[in-house]
> 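Have a look at this one before I ask anything.
Counting starts at 1 for both ligands and their atoms, following the listed order. Below, each value reflects all heavy atoms present in this structure, side chains not excepted, and no hydrogens, waters or symmetry copies.
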Amino acid sequence: MHEMGIIISLANTLDDTAKEQNIIDIGKVVLQVGEVSGILTDLFVDCWNYFKVRHPVLKNSELVLEEIPAVTYCSSCRQTYETVKYGKECPYCHSPETWLIQGNECVIKEIEAETE
Ligand SMILES: [Zn+2]
């Protein structure tokens, strides 16, 4: 499952950060998730709640997701547009020469933590 892989790497990243910074308890984790990253938000939070108990530092954590809208750039007319609404073809010039500039990411924005 796609979500589980992301959760495992997220948990490992947080675990490492906690060790480096002498964090004993992580409260809130704000994760920015791209609109087309393929992360189903409800399922993702459920997976997190199930998985976090394996990491003592994360057992009280709450995962908050912030969605980043997907934006595509057209290299023919140099405009940007909403990916989800128009897909791969530019709505202005109908060029297929487009690429996603944001909306596929999964980034830790903020961690609330208690240190020793
Ligand atoms: Zn265009």
> Looking only at non-hydrogen atoms, find the nearest pair between Tyr73 and Arg78 and report the distance.
OH-CG, 3.2 Å
> What's the verdict on side-chain contact (heavy atoms from CB on, under 4.5 Å) for Thr72 and Trp99, showing C-alpha distance, side-chain angles and the deciding distance?
CA-CA 5 Å; Thr72 294; Trp99 66 84; 5.7 Å; no
> Sort out for me which residue in Ile39, Leu10, Leu65 forms a side chain to side chain contact (heavy atoms under 4.5 Å, CB included) with Cys106.
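Running side chain to side chain contact (heavy atoms under 4.5 Å, CB included) over Ile39, Leu10, Leu65 with Cys106 returns exactly one hit, Ile39.
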> Quick check: closest heavy atoms across Ile23 and Ala113, and the distance to 0.1 Å?
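Closest pair (atom of Ile23, atom of Ala113, distance): CG2-CB, 3.5 Å.
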> Using only atom types and a distance under 3.5 Å, with no angle test, would you say the side chain of Glu35 pairs donor to acceptor with the backbone of Ala70?
yes
> List the steps and the verdict of side-chain contact (heavy atoms from CB on, under 4.5 Å) for Val45 and Asn49.
CA-CA 6 Å; Val45 172; Asn49 290 335; 3.8 Å; yes
> Report the protein N/O/S neighbours of the Zn ion (ligand 1) that fall below 2.8 Å; do not count waters.
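Listed by chain and number: Cys74 SG, Cys77 SG, Cys90 SG, Cys93 SG.
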